[in-house]
Amino acid sequence: MYPAVVVRTRLAPSPTGALHLGNARTFLLTWLWARAQGAELVFRMEDLDGPRTKPGAAEEALADLRWLGLDWDGEVLWQSRRAAAHAEALAALRRKGLVYPCACTRKEILAARSAPNEGDGRARYPGTCRGRGAEVLAGGRPPAWRFRAPPGRRLRFRDGLRGPEEGVPADVEGDFVVAKKTGEAAYQLAVVVDDAFQGVDCVIRGDDLVPSTFLQLLLYEALELPVPRFVHLPLVRGPDGRRLAKRHGDTRLRRYREAGVPPERVLGLLAHWSGLGPREPVSARELLARGFAWERVPRADRTFTAADDAWLLAG
Ligand code: GLU
């Protein structure tokens with residue numbers, strides 16, 4: 001007998017602010033895919049990001065998702081309680097000589113890099129502390145830890161929605177931070193360690209994280225963890241073409257919830273953006289009953305407009 005194949009994906013919000021329509025769309029599609037497949041859907045609260053995490057935002061995110069009618073399997077895993085596992089992974093990377101301590105400040109990095117990184121706005125680390133490990137450790141300032149991204153090494157993966165992807169991890173931001181000066185794991189390390197711990201074999205998230213996927217592939221390899229499949233979804237943008245955010249007005253789920261907008265209306269807009277039906281009120285269960293396939297989800301980004309906002313509030 002072959003062992004049963006478990007397919008498991010996850011919802012993994014960061015409580016750095018309230019969930020907005022863009023986040024909600026990613027979570028709705030993840031939920032629909034999981035439920036339509038009979039896959040398991042676990043939940044992880046990515047509450048690591050020190051000062052950026054807002055008090056109460058985690059509880060609010062849970063309440064928002066329940067209001068939409070989305071559910072998940074098992075208990076919430078709080079990433080902030082995984083410090084021991086993250087430290088163990090960092091120790092493994094240290095033993096293998098794949099990371100080095102870095103005491104540079106943000107200002108020093110910006111001043112030292114030769115040319116600004118066009119396009120994606122990420123500062124590429126110029127490698128100042130590479131090869132200075134003992135000196136940095138003796139220096140007294142608590143260091144961050146950076147992973148040595150092999151120059152020129154190109155990686156490939158097949159995205160479930162976008163098809164074949166390839167990129168050079170070292171070109172994303174150079175040697176990247178896996179642990180911060182505070183001792184906390186950085187996103188790239190925490191997400192890999194925790195996805196593996198939760199047995200996630202399909203990662204579904206916004207396509208702004210495609211560059212991060214290349215960094216994470218290096219960590220899966222270094223830590224000898226099974227690599228999941230990836231599905232990166234197009235983003236919801238504002239009328240100015242930028243990723244949906246506060247500057248586009250208040251698109252927090254909480255605002256609509258408190259204004260008395262029925263969740264079915266919000267779901268109707270999200271479903272319409274996702275090629276799953278007309279812009280009309282619908283419940284999560286009804287959407288599921290219609291069936292779900294990635295083929296129906298448009299590959300292009302969607303734009304949130306004032307007319308969408310007015311339509312939501314008219315309900
Ligand atoms: N917590 C991240 C976010 O809310 C998602 C990380 C991931 O899916 O890998 O943007």
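All of these numbers come straight from a predicted model, not from anything done at the bench. We count ligands from 1, going down the list as the structure has it; atoms in each ligand are counted the same way.
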Review item, side-chain donor-acceptor pairs of residues 136-150, under 3.5 Å, at least two apart:
{"from": "Arg141", "atom 1": "NH1", "to": "Ala103", "atom 2": "O", "distance (Å)": "3.1"}
{"from": "Arg146", "atom 1": "NH1", "to": "Asp175", "atom 2": "O", "distance (Å)": "2.8"}
{"from": "Arg148", "atom 1": "NE", "to": "Gly97", "atom 2": "O", "distance (Å)": "3.1"}

Mind listing the side-chain donor-acceptor pairs of residues 266-274 below 3.5 Å, one per line with the distance, residues two or more places apart or on another chain?
{"from": "His272", "atom 1": "ND1", "to": "Gly277", "atom 2": "O", "distance (Å)": "3.1"}
{"from": "Ser274", "atom 1": "OG", "to": "Arg25", "atom 2": "NE", "distance (Å)": "3.0"}
{"from": "Ser274", "atom 1": "OG", "to": "Leu270", "atom 2": "O", "distance (Å)": "2.7"}

Exercise for the section: Show your reasoning for whether salt bridge (charged side-chain N to carboxylate O under 4.0 Å, His left out) applies to Arg285 and Asp71. Expected result: CA-CA 11 Å; Arg285 296 275 148 205; Asp71 57 1; 3.5 Å; yes
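The immediate protein surroundings of ligand 1, defined as residues with any heavy atom under 4.0 Å of it, consist of Arg10, Ala12, Pro13, Ser14, Glu46, Tyr187, Val191, Arg205, Leu209.
With His232 as the partner, the side chain to side chain donor-acceptor pair (under 3.5 Å) test is satisfied by one option alone out of Arg205, Arg162, Glu165: Arg205.
Between the side chains of Asp308 and Thr305, at least one donor N or O lies within less than 3.5 Å of an accepting N or O.
In this structure Arg156 satisfies the salt bridge (charged side-chain N to carboxylate O under 4.0 Å, His left out) test together with Glu166, sequence neighbours excluded.
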